[in-house]
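Below: the structure, in structure tokens.
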2 protein chains.
Amino acid sequence: MATIYQVSELAGVSLATVSRVMNNNARVSEKTRSKVLAAMAQLGYRPNSIAQSLASNRSNSVGILVSELHGPFYGDMLAGIENECRAAGKHVIIAAGHSEEASEIDGIEFLISRSCDALILHVEAVSDDYLIKLAAGNIPIVLINRYIPQLADNCICLNNELGGYLATKQLLQQGHRQLAYIAGPMWKSDAKDRYAGHLRAMAEYGVTFNPALFAEGDFQDSSGSACMQQLLAKKLPFTALVCANDEMAAGAIEVAREHGLQVPEQLSIVGFDNLILARYIHPKLTTIDYPIGEMGRMAARWVLKHIYQHQALALKHLFEPVLVCRESACALNV
Amino acid sequence: MATIYQVSELAGVSLATVSRVMNNNARVSEKTRSKVLAAMAQLGYRPNSIAQSLASNRSNSVGILVSELHGPFYGDMLAGIENECRAAGKHVIIAAGHSEEASEIDGIEFLISRSCDALILHVEAVSDDYLIKLAAGNIPIVLINRYIPQLADNCICLNNELGGYLATKQLLQQGHRQLAYIAGPMWKSDAKDRYAGHLRAMAEYGVTFNPALFAEGDFQDSSGSACMQQLLAKKLPFTALVCANDEMAAGAIEVAREHGLQVPEQLSIVGFDNLILARYIHPKLTTIDYPIGEMGRMAARWVLKHIYQHQALALKHLFEPVLVCRESACALNV
DNA sequence: TTGTATGCGTTATCAT
DNA sequence: ATGATAACGCATACAA
């Protein structure tokens, strides 16, 4: 690999000048500039980014921590981030946190040790305090899907409450009045918020919420099945079900089918997230779109703007979910 | 951030000694070692990996190029790679190639400019020649799901032919004799190989292949639907369908349902890949498992063994797919 | 076993 | 506008 020194030699200038034309941050005469450019081309020169990083104290890389690499959700998020970062010439280093505190912390330290210029985190297990302390350190962080008031400017969130509201409202508008709800793990704020939205819609339509028609799952499809079993076992009538995410909805639909329940004719179901699988299950799932790809992209923009001085980038901190109507929910036939 | 120099000062030793205890690659007396360790702890010292890289000419990072970040397939692959690499303290830098030659090359150069110690590539558009030249360069590569004879030792592949054979054999064993086939884009070697396996099974059972029952898709679900439409339009009888991947199978099932065809009672369908969605579509898809996560893990091991001298790692270059029986294929009722 | 000195390929601060 | 030269934080060959 050719170094900057060899280029300078071939071009007959000092290496400082070569550096200048590379970064064109100082005036260089057209003549020498073209000489240098020619020398670079001739040698096939590529700057050593490691040396650049050491000298400039900038690694030009941003670290990403997601809960899981597999699954459709984080893939979309990564795609959004990578796309934006690469266009800006920034490297993307990834690590998985597996929703466990120790593992998340470990992943973050791993990323820090690589001198990332910034961190984009999708963490669940780590405490608010830890994140606040982390943010107070040298390396800026941005949080996806986690709202901490003290770090408000660093958060990119979905309005989960609104999503829960929209899902429920759709069913209410379709005439349903006996609604069941399968929630996510209530210690997670998004699960809690979605549920709050559900309650708001119910109240708005003057429908009293029946605690017997509530079940708490863990966002996995198996828990959707289990919760559905519980609900059916109570022999209480309900014509609609809102699930706090698509995977649980898929599990619930399967159980419904096993019980001979026609979806949506006998039971309307709405999910949340709009994962790819929502299009594949039968009937196609009516759900709430979670623009996670866009949010990843926005997190990347946050970094570009704050760390790499890309001005003129518009930032958005709160995303609004929208309803996606497919086939799993229909008007109540009376 | 504390530097190695400050540690050496506090410990009252030279910075070379500090370096030695960090890498414990040279004999250091227990006494000084503990002095140094104490100093490191006291200062909260973390080595600057950028400086390490520059001095040692090793970046301790491996670059990954996948076609797409979203979707279930590459997520599993990344998960396998990340897992293995992180355990070994290696950083994972990702880029997406989008199955386009220019973009793939761009991604590779992007990774190279970051001085990755090795590259793990899942590329489709780039030519064999390009890869052979690339492999001849300074930076080692390993290829996933791409076999190039000259680079045999660098390839981690699935026996696609065997997979195609197993899928078809299953249907033949279940008594089917009128089989249709929806292929992937035949310029891709995996599509070709899967099809070859299909033909081998057919021949083995003495069933003559009917070209009219063949359709070529592009691995997307929409093409599965389109191909299924074509096949049905011919009004030729067939009781089973093998699809070269799960997504096309999902598309085909949907069309079958629209035409009032019961799956599997009237039409058995087998897919390929065993994506997560295979468990969600109805009926649950019988398919061929593609252990992409394991293959990613193996690619990472290849790198650890060849580049980072982790001896004693067993390598495997060819993976055998297995049949996963679910509900979309059943015995032919006569 | 430990210390000294040099180099890795840049950026950046001085001069000129 | 251009050229010396000192960092940047560490690894390592060589000395002691």
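The figures that follow rest on heavy atoms only: side chains count, while hydrogens, waters and symmetry mates do not. Residue numbers start from 1 in every chain, and the chains themselves are labelled A, B, ... in the order their sequence lines are given, proteins ahead of strands.
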Rounding to an integer number of Å, can you tell me how far R27(B) CZ sits from dA16(D) P? 22 Å

Phosphate oxygens OP1/OP2 of dA11(D): is one of them under 4.0 Å from a side-chain N or O of Q52(B)? yes

Is S19(A) near enough to dA12(C) that one of its side-chain N or O atoms lies under 4.0 angstrom from OP1 or OP2? no

Looking for any heavy atom pair under 4.0 Å, which part of the strands does S49(A) touch: base, sugar-phosphate only, or nothing? nothing

S14(B) side chain N/O closer than 4.0 Å to the phosphate oxygens (OP1, OP2) of dT2(C)? no

Any chance you could measure E82(A), atom CD, to F110(B), atom CZ, to the nearest 0.5 Å? 7.5 Å

Phosphate OP1/OP2 of dT5(D) contacted by Y5(A) side-chain N/O (<4.0 Å): no

Counting the atoms with a prime plus P, OP1 and OP2 as sugar-phosphate, which does S53(B) contact under 4.0 Å by heavy atoms, base, sugar-phosphate, or nothing? nothing

Using a 4.0 Å heavy-atom cut-off, does R33(B) contact any base of the nucleic acid, only the sugar-phosphate backbone, or nothing at all? nothing

Side-chain donor/acceptor of R20(A) to base of dG3(D), under 3.5 Å: yes

Nearest-angstrom distance from the residue atom CD1 of I50(B) to P of dA11(D): 13 Å

What's V18(B) touching, base or sugar-phosphate or nothing? Going by heavy atoms closer than 4.0 Å. nothing

Touch check for S29(B), heavy atoms < 4.0 angstrom, all strands: base, sugar-phosphate only, or nothing? sugar-phosphate

Would you classify N23(A) as touching base, sugar-phosphate or nothing, given that sugar-phosphate means primed atoms plus P, OP1 and OP2, and contacts are heavy atoms under 4.0 Å? sugar-phosphate

